[in-house]
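Below is one structure, written out as structure tokens, with a few remarks after it.
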Amino acid sequence: MNSSLNAARRSRELAEAGDLVVDVLVVGLGATGAGAALDAASRGLSVTAIDAHDLAFGTSRWSSKMIHGGLRYLARGQVRVAHESAVERGLLLRHTAPHLVRAQPYLLPLTPAVSGGQAATVMTGYRLGDGLRMAARTPRRLLPGPARISAGRALSLAAPLSPNGLRGALLSWDGRLVDDARLVVALARTAASRGARILTRCRALELAGDGARVRDELTGSTFAIRARTVVNATGVWAAQLDPDIRMRPSRGTHLVLRPETLPGLRAGLHVPIPGESNRFALVLPQPDGRVYVGLTDEPVEGPVPDVPQAPEEDVAFLLDVLNSVLGVPLGRQDVAGTYAGLRPLLAAGGRTADLSRQHALLTSGSGVVTVVGGKLTTYRRMAEDAVDRVVALGRLGAGGSRTARLPLVGAGAVLEAGAVPGAGAVPEARAVREVGAVPDRLRARYGSEAGAVRALMAEDPALAEPLPTGITRAELVWAVRHEGALDVDDLLDRRTRIGLVPEDRAAALPAARAALAY
């Protein structure tokens with residue numbers, strides 16, 4: 001079946017939804033929900049997956065864009081979580097999404113604030129992390145090992161660092177996504193290619209083990225979706241559909257800096273947070289030139305908002321930590337945008353920063369299976385476990401999960417080439433090259449579909465016009481035709497990330513409106 005998602009397909013499948021009894025209804029189309037839809041559909045089950053908003057509307061678009069190897073969890077003694085993270089990272093790099101997941105180098109600057117003993121402890125942790133890579137059978141060619149480098153080498157990779165008292169840096173590697181929302185889109189489209197009905201703007205009003213009462217948010221009409229089993233993958237909002245669930249969400253805030261703000265930053269940074277032994281702020285250069293700075297971990301009380309806001313105290317905190325290693329400090333005026341996401345943690349005692357990131361499956365009295373906790377890196381394992389549970393509960397007769405080796409939409413060209421770009425390109429600089437008249441920037445975002453996006457520009461040269469962050473008008477049209485974008489918010493805030501900077505969003509708004517009418 002075609003993997004394209006668009007308004008016409010939504011209308012057609014929405015009209016069918018009330019007349020069917022599907023094997024699996026998935027509520028929530030973040031990474032875990034889209035992953036569950038794919039897992040179930042790839043086993044030959046009939047699937048409908050719905051979301052009250054859009055693909056990747058919630059937590060899945062607010063991450064640090066990192067694919068963790070689990071080192072942070074290993075430091076807390078969470079060996080199972082750490083190993084699971086390393087395994088899933090390897091699957092993404094090697095099999096499922098090599099076009100979207102790359103190797104990223106990180107430096108921990110050895111400033112006067114970092115003692116020799118602290119540096120030795122961190123390097124030991126990095127080596128243990130490399131051991132996790134080996135245990136997960138991820139080749140070193142995809143993720144190089146850690147090393148200590150000189151001050152001169154550190155400054156060549158991260159020119160904004162202050163040279164005063166700099167003794168060098170610890171270099172480590174981990175995975176990163178080109179864009180977390182693009183991963184969710186790829187999951188949803190791959191599920192659609194296997195026959196799953198992917199319905200955005202459909203809100204579950206009531207949920208039970210045999211289906212849901214749903215409202216089409218575009219028309220206001222309500223209808224029932226009948227299902228043999230149900231997965232609640234709404235993350236931090238899970239308790240709204242099952243009041244017996246007790247969540248304790250935490251807020252992770254990021255700053256967004258324009259490309260010219262930290263010139264010469266070619267590697268990410270781990271910046272120690274004062275007073276914390278195993279926590280670091282992250283400085284994350286992005287493929288579009290912007291830089292993200294994060295990450296806070298603060299408990300959130302009260303009602304859970306649809307779109308969390310970054311408070312000014314978080315902004316000030318992150319700037320203070322960042323400025324502790326910069327030669328030229330940044331001020332509030334240098335922050336072009338902010339974003340915040342909420343982690344879907346189960347309620348427990350202690351600080352939210354110390355709560356386990358192990359996911360959990362909860363089954364309600366009516367038979368709804370809710371999957372909560374976890375993290376972006378392990379979405380596939382979370383989805384697999386959730387589908388295993390509903391297959392058993394519903395006696396659906398499906399086999400085991402097939403997603404560990406199932407390439408997502410766009411992965412084909414990279415897998416056929418037999419290598420994953422990324423590790424060899426950084427930290428050694430390479431000029432952007434053209435391969436078959438398709439820029440690397442497009443290949444990094446669209447993989448094997450990059451040529452089709454480029455063909456749109458050939459058909460209409462006006463579509464080649466670049467917008468903020470280098471996104472072209474053709475990519476907006478592609479998102480409307482093939483990626484399920486229904487309005488300008490979908491285009492600017494999720495299919496692209498132009499909207500993270502308000503001024504850039506305003507500049508691109510006319511192009512987004514034109515793409516919807518193209």
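The shown structure was predicted, so the numbers you read here are calculated from the model rather than taken from an experiment.
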Exercise. Supply the atom-to-atom distance L282 CG to D174 CG, rounded to the nearest 0.5 angstrom.
Key: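 Output value for this atom pair is 10.0 Å.
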Quiz item: Just how far is it from atom CG of L5 to atom CD of E13, taken to the nearest 0.5 Å?
Solution: 8.0 Å
Check whether any side-chain heavy atom of [X] lies under 4.5 Å from a side-chain heavy atom of [Y], and answer yes or no.
| X | Y | result |
| --- | --- | --- |
| V480 | L491 | yes |
| V283 | L257 | no |
| R279 | H270 | no |
| T370 | I245 | yes |
| L55 | I198 | yes |
| L408 | L187 | yes |
| N6 | R481 | no |
| V488 | L509 | yes |

Under the salt bridge (charged side-chain N to carboxylate O under 4.0 Å, His left out) test, which residues partner [X], sequence neighbours left out?
| X | answer |
| --- | --- |
| E206 | R213 |
| D493 | R505 |
| E312 | R332 |
| R380 | E88, E384 |

Exercise. Before giving the answer on salt bridge (Lys or Arg N to Asp or Glu O under 4.0 Å), spell out for E301 and R248 the whole-Å C-alpha distance, their side-chain angles and the decisive distance to 0.1 Å.
Key: CA-CA 8 Å; E301 308 295 340; R248 193 182 174 199; 5.5 Å; no
Practice problem: Evaluate the criterion side chain to side chain contact (heavy atoms under 4.5 Å, CB included) for residue pair E84 and H359; output intermediate values, then yes/no. | Solution: CA-CA 11 Å; E84 184 177 88; H359 66 272; 3.7 Å; yes
Quiz prompt | Side-chain donor-acceptor pair present, S401, D39, cut-off under 3.5 Å | solution =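 Looking only at side-chain atoms, D39 and S401 do form a donor-acceptor pair, the distance falling under 3.5 Å.
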Quiz item: Under 3.5 Å, is there a donor-acceptor pair linking the side chains of T48 and R197?
Solution: no
Exercise. May I have the step-by-step check of side chain to side chain contact (heavy atoms under 4.5 Å, CB included) for V369 and V230, ending in yes or no?
Key: CA-CA 6 Å; V369 172; V230 177; over 6 Å; no
Quiz item: side chain to side chain contact (heavy atoms under 4.5 Å, CB included) between V24 and V387: does it pass, once the steps are laid out?
Solution: CA-CA 9 Å; V24 183; V387 176; 5.6 Å; no
Treating [X] as the side-chain partner and [Y] as the backbone partner, does any N or O pair qualify as donor plus acceptor under 3.5 Å?
| X | Y | value |
| --- | --- | --- |
| T378 | G374 | no |
| S366 | G209 | yes |
| R9 | N2 | yes |
| R182 | R495 | yes |
| R10 | T200 | yes |
| Q286 | L284 | yes |
| T96 | L406 | no |
| T363 | G367 | no |
| D288 | T469 | no |
| T296 | R251 | yes |

Self-check item: Verdict with reasoning, D385 to R389, per salt bridge (Lys or Arg N to Asp or Glu O under 4.0 Å)
Solution: CA-CA 6 Å; D385 289 352; R389 176 71 61 88; over 6 Å; no
Exercise. Among residues two or more places apart or on two chains, list those pairs meeting salt bridge (charged side-chain N to carboxylate O under 4.0 Å, His left out) that have a residue in residues 392-406.
Key: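 Salt bridge (charged side-chain N to carboxylate O under 4.0 Å, His left out) check on residues 392-406 returns no pairs.
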What residues form a ring-ring contact (aromatic ring centres under 6.0 Å, His included) with [X], not counting sequence neighbours?
| X | result |
| --- | --- |
| H254 | Y339 |
| Y379 | none |
| H482 | W478 |

Self-check item: Sole candidate of D489, D54, D51 that passes salt bridge (charged side-chain N to carboxylate O under 4.0 Å, His left out) when paired with R494
Solution: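 Result for salt bridge (charged side-chain N to carboxylate O under 4.0 Å, His left out) with R494: D54.
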Identify the two heavy atoms, one from [X] and one from [Y], that lie closest to each other, and give their separation to 0.1 Å.
| X | Y | value |
| --- | --- | --- |
| V184 | A31 | CG2-N, 3.7 Å |
| G235 | M247 | O-CE, 3.9 Å |
| A103 | L142 | CB-O, 3.1 Å |
| A37 | A191 | C-CB, 4.0 Å |
| T229 | V390 | CG2-O, 3.4 Å |
| G412 | S448 | N-OG, 3.9 Å |

Exercise. Quick one: list whatever passes side-chain hydrogen bond (donor to acceptor under 3.5 Å, both in side chains) with S63, sequence neighbours left out.
Key: D180
Practice problem: Report the C-alpha distance between D504 and R290 in whole Å, list the side-chain angles of each, state the deciding distance to 0.1 Å, and finish with yes or no for salt bridge (Lys or Arg N to Asp or Glu O under 4.0 Å). | Solution: CA-CA 12 Å; D504 291 347; R290 291 173 175 172; 2.9 Å; yes
Quiz prompt | Check against side chain to side chain contact (heavy atoms under 4.5 Å, CB included), N232 and L207 | solution = CA-CA 9 Å; N232 176 7; L207 204 59; 4.1 Å; yes
Self-check item: Six-ring centre of F57, R61 cation under 6.0 angstrom, axis tolerance 45°
Solution: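 R61 over F57 ring: yes.
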Self-check item: Test side-chain contact (heavy atoms from CB on, under 4.5 Å) applied to A398 - qualifying residues, sequence neighbours left out
Solution: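 A398: side-chain contact (heavy atoms from CB on, under 4.5 Å) contacts with R43, L45, V391.
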Quiz item: Which ring-ring contact (aromatic ring centres under 6.0 Å, His included) pairs, counting each pair once, include a residue from residues 22-45, with sequence neighbours left out?
Solution: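 Listed once each, the pairs would be none.
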Quiz item: Does a side-chain N-to-carboxylate-O contact under 4.0 Å join E475 and R473?
Solution: no
Self-check item: Carboxylate-amine/guanidinium proximity below 4.0 Å for R343 and D297
Solution: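 Result for this pair is yes, salt bridge flagged.
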For residues 221-228, dump all side-chain donor-acceptor pairs below 3.5 Å to protein atoms at least two apart in sequence or in another chain.
residue, atom, partner, partner atom, Å
S221, OG, T219, OG1, 2.9
R228, NH1, V21, O, 3.2
R228, NH1, D23, OD1, 2.9

